[in-house]
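Since the structure comes first, as structure tokens, the remarks are kept for the end.
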Amino acid sequence: MTTGNSTSAVKHFLQFKDFTREEFSYLFERTRWIKAQFKGYQRYWPLADRTLVMIFEKASTRTRLSFEAGMQQLGGNAIYLNTRDSQLGRGEPVEDAAQVMSRMCDLIMIRTFEQRIVERLASASRVPVINGLTNEFHPCQIMADIYTYIEQRGPIQGKTVCWIGDSNNMCYTWLQAAETLDFKVNVSTPPGYEIKPELAGLKNTGHFECFSDPLAAARGADIVTTDVWTSMGFEVENEARLHDFANWRVDAAMMRLARPDAIFLHCLPAHRGEEVTAEVIDGAQSRVWDEAENRLHVQKALMEYLVLGRV
């Protein structure tokens, strides 16, 4: 754990681009090894007596379960805090909360709305902070998605990911990942929902291409992926989005345009019949259950790295 008053030496994971390609290679290899230990019922407790604090402002199933179970499987402890039940929900400055929490724990994970909240928390924390999801980015999920492809098909470098749907936190994190790991993203969104590349902080635009036709975006893709049409916090737009996104549904016809060995990914929860048909998400090319499980394993590798460095 970091000591003293300085937070400058603390490493955080707030956006995908916070880590280098070489760091991700290390993390994916650690994920493979840690997952193998888990599957072999081999106890591995590198974080014994360490504590993770989990702060939730947005509802969660997979994020809470994967972080809480993951920390316990590494021999540590996890504490759940909901902003409704803590002083953060009553107006305590994020910086003050970070000062206190980071004197009592070894890691902080936060799932909230604005990316700025995560950044403020990290700026005042003595321990590593992990972005469990914000409106802008979802780096842990994309780590799991990419590891799932690597596990199933091999290196992702030079491959093509097809993103269908909203230009949301998943989409922007895919764009960061493409630049970091050297692959391409074909993006297709409905009119009015186009991406703004500057929001991802990209250094260049050579790793993505935008398509008005979702079928054209899927042609030749190695991964086809999507998300719900209405993300948390945008529920008032649901009716309009159901209309606007009607032609941006991943179905069997779209999957046939991708490579024959392409896989389908979805961060879940899914709305069958909206962003994806049941035929696709429950079909032979779907890897959504492997993807969901891999949140557990990549996050264990991430927590190990942030607390202990390379092992």
Side-chain angles (χ1 to χ4, degrees), residues 62 138 141-142 144-178 181 183-197 200 205 207-231 234 237-292 294:
R62 280 151 291 276
H138 199 357
Q141 180 64 58
I142 299 303
D145 292 8
I146 291 172
Y147 179 74
T148 301
Y149 183 81
I150 292 170
E151 183 180 55
Q152 297 278 335
R153 296 289 187 265
I156 197 168
Q157 184 176 11
K159 303 299 183 181
T160 299
V161 175
C162 170
W163 175 264
I164 301 294
D166 193 17
S167 56
N168 62 7
N169 51 8
M170 287 287 292
C171 179
Y172 284 117
T173 309
W174 271 117
L175 295 181
Q176 287 192 351
L181 300 181
F183 59 88
K184 182 186 177 186
V185 181
N186 290 347
V187 179
S188 183
T189 63
Y193 298 89
E194 294 87 356
I195 63 169
K196 299 176 181 178
T205 58
H207 289 89
F208 71 89
E209 184 177 354
C210 296
F211 294 79
S212 58
D213 180 0
L215 295 178
R219 189 167 288 112
D222 299 278
I223 299 172
V224 178
T225 184
T226 189
D227 194 3
V228 295
W229 290 341
T230 307
S231 298
F234 297 87
E237 302 176 9
N238 188 57
E239 186 173 345
R241 284 170 174 262
L242 289 175
H243 174 268
D244 295 344
F245 284 77
N247 293 325
W248 275 261
R249 177 181 295 112
V250 179
D251 57 16
M254 185 178 293
M255 291 301 298
R256 282 194 292 270
L257 292 172
R259 289 177 56 88
D261 62 346
I263 63 172
F264 172 77
L265 299 175
H266 191 305
C267 61
L268 303 177
H271 298 152
R272 289 167 174 78
E274 290 186 14
E275 74 274 6
V276 61
T277 63
E279 182 181 11
V280 169
I281 195 170
D282 298 322
Q285 290 175 280
S286 177
R287 295 296 184 274
V288 298
W289 313 122
D290 297 306
E291 174 190 8
N294 282 334

Any donor-acceptor pair under 3.5 Å linking the side chain of [X] with the backbone of [Y]?
X: T160; Y: K184; value: no
X: E291; Y: H266; value: yes
X: T173; Y: N169; value: yes
X: R259; Y: A221; value: no
X: N186; Y: C162; value: no
X: E194; Y: G192; value: yes
X: Y193; Y: N168; value: no

Residue pair [X] / [Y]: nearest heavy atoms and the distance that separates them:
X: P191; Y: W248; answer: CD-CH2, 3.9 Å
X: W229; Y: E274; answer: CZ2-O, 3.1 Å
X: D213; Y: S188; answer: C-OG, 3.7 Å
X: T189; Y: S167; answer: CG2-N, 4.1 Å

### Heavy atoms of other groups near Q157 CD, more than 12 under 6.0 Å
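For Q157, atom CD is crowded (more than 12 foreign heavy atoms under 6.0 Å).
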### Task
Assess whether atom CD of E209 is packed by more than 12 heavy atoms of other residues, nucleotides or ligands within 6.0 Å.
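Enclosed.
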### Query
Any Lys/Arg nitrogen of E237 or R241 sitting under 4.0 Å from an Asp/Glu carboxylate oxygen of the other?
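R241 and E237: salt-bridged.
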### Task
Would you mind reporting whether M254 and V280 have side-chain heavy atoms less than 4.5 Å apart?
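Of all side-chain heavy-atom pairs linking M254 with V280, none is under 4.5 Å.
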### Query
Among I223, T225, V276, which one satisfies side-chain contact (heavy atoms from CB on, under 4.5 Å) with F264?
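When side-chain contact (heavy atoms from CB on, under 4.5 Å) is applied between F264 and each of I223, T225, V276, only V276 qualifies.
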### Task
Measure the CG-CG distance between D145 and D290 for me, rounded to the nearest 0.5 Å.
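Going from the CG atom of D145 to the CG atom of D290 covers 11.5 Å.
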